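As the structure is a computational prediction, the values presented were derived from the model and not from experiment. We name chains A, B, ... by the order of the sequence lines, and we start the count at 1 in each one.
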Amino acid sequence: MGEELILLNFWPSMFGARVRIALKEKGLNYEEKEEDLPNKSPLLLEMNPVHKKIPVLIHNGKPICESLIIVQYIDEMWNDKAPLLPSDPCAKAQARFWADYIDQKKSKEEAEEVKKELIEIFKVLEGALEEKPYFGGEAFGYVDIALIGFYMWFHTYETCGNFSIEAECPKIIAWAKRCLERETVSKSIHDPNKVYDLAMSFRKKFGLES
Amino acid sequence: MADEVVLLDCYYSMFGMRARVALAEKGVEYEFREENLANKSQFLLEMNPIHKKIPVLIHNGKPICESLIIVEYIDEVWKDKSPLLPSDSYQRAQARFWADVIDKKVSVAGKGIWSTKGEDQETAKKEMIDALKLLEGELGDKRYFGGDDFGFVDVALIPFYCWFHVYETFGNFSIEENCPKLIKWAKKCMEKESVSKSLADPNKVYEFIVGMRKMYYGLE
């Protein structure tokens, strides 16, 4: 039986990027439908009536919502290759903890004045990374997927906040570049300059230009 | 080798109650350590340096933090009895989704009801009623959110039941009037010893919040 996979997404979304990466890691074919967020499609509203947000993965007509829940679903359904979460319950709990940490802190980086907090968050994450190539250890996994989508927004944060993430947190940048060497990642996240242009157009639209 | 299980918790915490219910469902023996949140122990700060919050489950010396992550861990480690999450991947994703809805909507609205006043409080009350109605819709005619068996979403939500008295009193509304099916579900859950022994006494929670309001929010 053919698997039908549809991803409702919005291209600069770091949450959508998580799902793209997970699907590609598992070698899955899927159709991506771009949502125009001010004009949400009837399909999106039908598939995610509670939050009305992207990303939504629709598998054989059934919707799964919330990016980390979707990534876990993909990992469990297609468990024959590229495991994203560790099998050991304690290691799994740690991976879930760090992905949750990223989600809890994500709203903080929306305002440029919290540059100091952002650097602090990256430093905490650097601490969790230690000297490992990836958050999970030797293999690319769940926490890497949870965080790497934010990379396409780094240029925007740096420009708006007038600082260099690499200068403050070189290990995070080294880790990001390592992740980008994977085709599943480089094909899932967009050009940081395009993201920057979009962010600037939002700033203008919402009267944030000085 | 015997398992050493310690739970750093606080009697009133609905998040701590989730861990208590899950451990009771699995018949796991553990040591309950009450934390004074105004004076956190060195041990708590060491076991949860990132968030410095309870609950923390410490299993053979290793800490697990965040209540829903703890419940999933408990379900995975003690998998021989009382499964909390469904075995089907899609159903599991749905269970995680609804537990997340509880965290995003019920928990936030609840705090708003007892810690604010005026328009903010009215907004919080409306959000609470909307959230509970949404959950009631998801429950439908099932005995539990998990279907015939008590499960993950039931564990995630039932602790809030002992906080309903706080919400109803400060919000001046009746949850039973708005969501009768949900109250029926809660009473069914309370028949389980794992639940009734894990939840706090609603009157004690109320007294605690009266004190909190005065001390931290300047509310009578």
(message) Would B:Glu72 and A:Lys92 count as a side chain to side chain contact (heavy atoms under 4.5 Å, CB included) here? Give the steps.
(response) CA-CA 10 Å; B:Glu72 285 215 44; A:Lys92 205 184 302 202; over 6 Å; no
(request) Evaluate the criterion side chain to side chain contact (heavy atoms under 4.5 Å, CB included) for residue pair A:Lys62 and B:Tyr90; output intermediate values, then yes/no. (result) CA-CA 9 Å; A:Lys62 299 201 291 190; B:Tyr90 185 75; 3.6 Å; yes
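The contact list for residues 69-81 of chain A toward chain B, using heavy atoms and a distance under 4.5 Å, reads A:Ile69, A:Gln72, A:Tyr73, A:Glu76, A:Met77 by residue number. Contacts between residues 101-127 of chain B and chain A, defined by a heavy-atom separation under 4.5 Å, are made by B:Val101, B:Lys104, B:Lys105. The contact list for residues 50-57 of chain A toward chain B, using heavy atoms and a distance under 4.5 Å, reads A:Val50, A:His51 by residue number.
Of the atoms belonging to B:His59, not a single heavy atom falls under 4.5 Å from chain A. With a threshold of 4.5 angstrom between heavy atoms, B:Pro49 does not approach chain A through any atom at all.
When all heavy atoms of B:Cys65 and A:Phe97 are compared, the pair lying nearest together is CB-CE1, 3.7 Å. For A:Ala93 against B:Ile69, the heavy-atom pair with the smallest separation is O-CG2, 3.6 Å.
Atom CG of B:Asn36 sits in a crowded spot, with more than 12 heavy atoms from other residues, nucleotides or ligands closer than 6.0 Å. Counted within 6.0 Å of CG on A:Asn29, heavy atoms from surrounding residues, nucleotides or ligands total 12 or fewer; the atom is thus considered open. Atom CD of B:Glu31 has more than 12 neighbouring heavy atoms from other residues, nucleotides or ligands inside a 6.0 Å radius.
In this structure B:Lys133 satisfies the side-chain contact (heavy atoms from CB on, under 4.5 Å) test together with B:Ile129, B:Asn178, B:Cys179, sequence neighbours excluded.
Residues A:Arg96 and B:Glu66 fail the side-chain proximity criterion, which asks for heavy atoms closer than 4.5 Å.
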